[in-house]
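Atoms within a ligand are numbered from 1 in the order they appear, just like the ligands themselves.
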Amino acid sequence: MEHIQSSIEKILNRPDVAASVRAIHERVLSHPGVIMFLRTHPEIDQRTIERGMLKLNEYAEQMHGNQIIEKKAVIEGYQPVLHLEKGQIMVAYEKTQALRDLENERALEKKFKSLFLPDEVRDANFSDFDLTTTDRKLALRAASQFLNATRSKQQTKGLYLHGSFGVGKTYLLAAIGNALKKERVATILVHAPGFVSEAKRRIRTDSFDSFLESFQTVPVLLIDDIGAESISPWVRDELFGIILQYRMMHRLPTLFSSNLSYDELELHFGITNDQGDKLKAMRLMERIRTTTNPIEFLGENRRRY
Ligand code: ADP
Ligand code: MG
């Protein structure tokens, strides 16, 4: 050991090596972050600095000012922080602001789910909102009343946007969803036909209960194209029925879009002409009617294909 130690010292004392070590020390000690650290710790003496040189260098190599140099980062997404531990200079690693922002963004994405919807409405927003027809203005006013109420945490009814194909119902639902996302309100925007087939696929799996629960409890639920799904007594009573019953009881708003009016949707839920079915359809429709304000879209078909 003694022998190795002395041969290392011999190398370090060679003029060329000594000069480059000195250059490194100078570079490290003139790094603004290092200067700042030493200034905030006047108790650090020369000997501690020399002992901590490797740590100071580890820090200085990765940092430009107080910014991490991405390609020099030892641990991706983390930046070195100097501190004193039992009188010795040490480096700890903390998440960078960029990583924290990314994680917040991901947490938000989780709160805002959009399922089975076309890409074209993913960025739907109110600033591009076309207002050429009166009914669209009315729809926009209803949407903004809904958003204001949600923003001020008032209880409010949901909306029932109905009208023919291509008038912009899905676009408006998605714009509302995106506005809620900005407000940090958790929402699920789901296309009814996709939702129903996914529910059927999960029915015999362990994930069904949590799947159902997420639709029951999400603060705002947006169901696009209700009435376009293939209906069955199970879908009506055990899926929509259970979800909407829970949401009504807990006063959680649900917004719908549909090609069908309330009355037409009731016929769709009736399935057969059987008296029992009719009654169940009426009961489900009652929940939808009492918890939403209807908005009719009359505009022309905007689809270009
Ligand atoms: P619907 O759901 O009523 O069938 P969509 O919402 O899918 O209709 O709208 C049809 C097309 O028009 C889509 O391409 C959509 O992006 C566009 N669109 C709808 N409403 C608006 C709007 N207010 N401003 C701009 N583009 C719109
Ligand atoms: Mg649509």
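- For ligand 1, the polar-atom distance check against D224 finds no nitrogen or oxygen pair separated by under 3.5 Å.
- Below 3.5 Å of separation, one finds no N or O of F165 facing any N or O of ligand 1.
- Ligand 1 has an N or O atom lying under 3.5 Å from an N or O atom of G168, backbone or side chain.
- Close N/O approach between R136 and ligand 1 is not found [any backbone or side-chain N/O within under 3.5 Å].
- Considering only heavy atoms from C-beta on, M90 stays 4.5 Å or farther from L84 through its side chain.
- The aromatic rings of F215 and F195 sit tilted, their planes meeting at an angle between 30° and 60°.
- Within the coordination shell of the Mg ion (ligand 2), defined by N, O or S atoms under 2.8 Å, T170 is present.
- Contact check on R151 versus E183 returns a salt bridge, with a Lys/Arg side-chain nitrogen under 4.0 Å from an Asp/Glu carboxylate oxygen.
- Ionic pairing of R22 and E26 is not present here: no N-O contact between side-chain nitrogen and carboxylate oxygen is shorter than 4.0 angstrom.
- With a 6.0 Å radius and a threshold of 12 heavy atoms from other residues, nucleotides or ligands, H83 has its NE2 atom above the threshold.
- Backbone and side-chain nitrogen or oxygen atoms of L172 are examined, and none is located within less than 3.5 angstrom of a nitrogen or oxygen of ligand 1.
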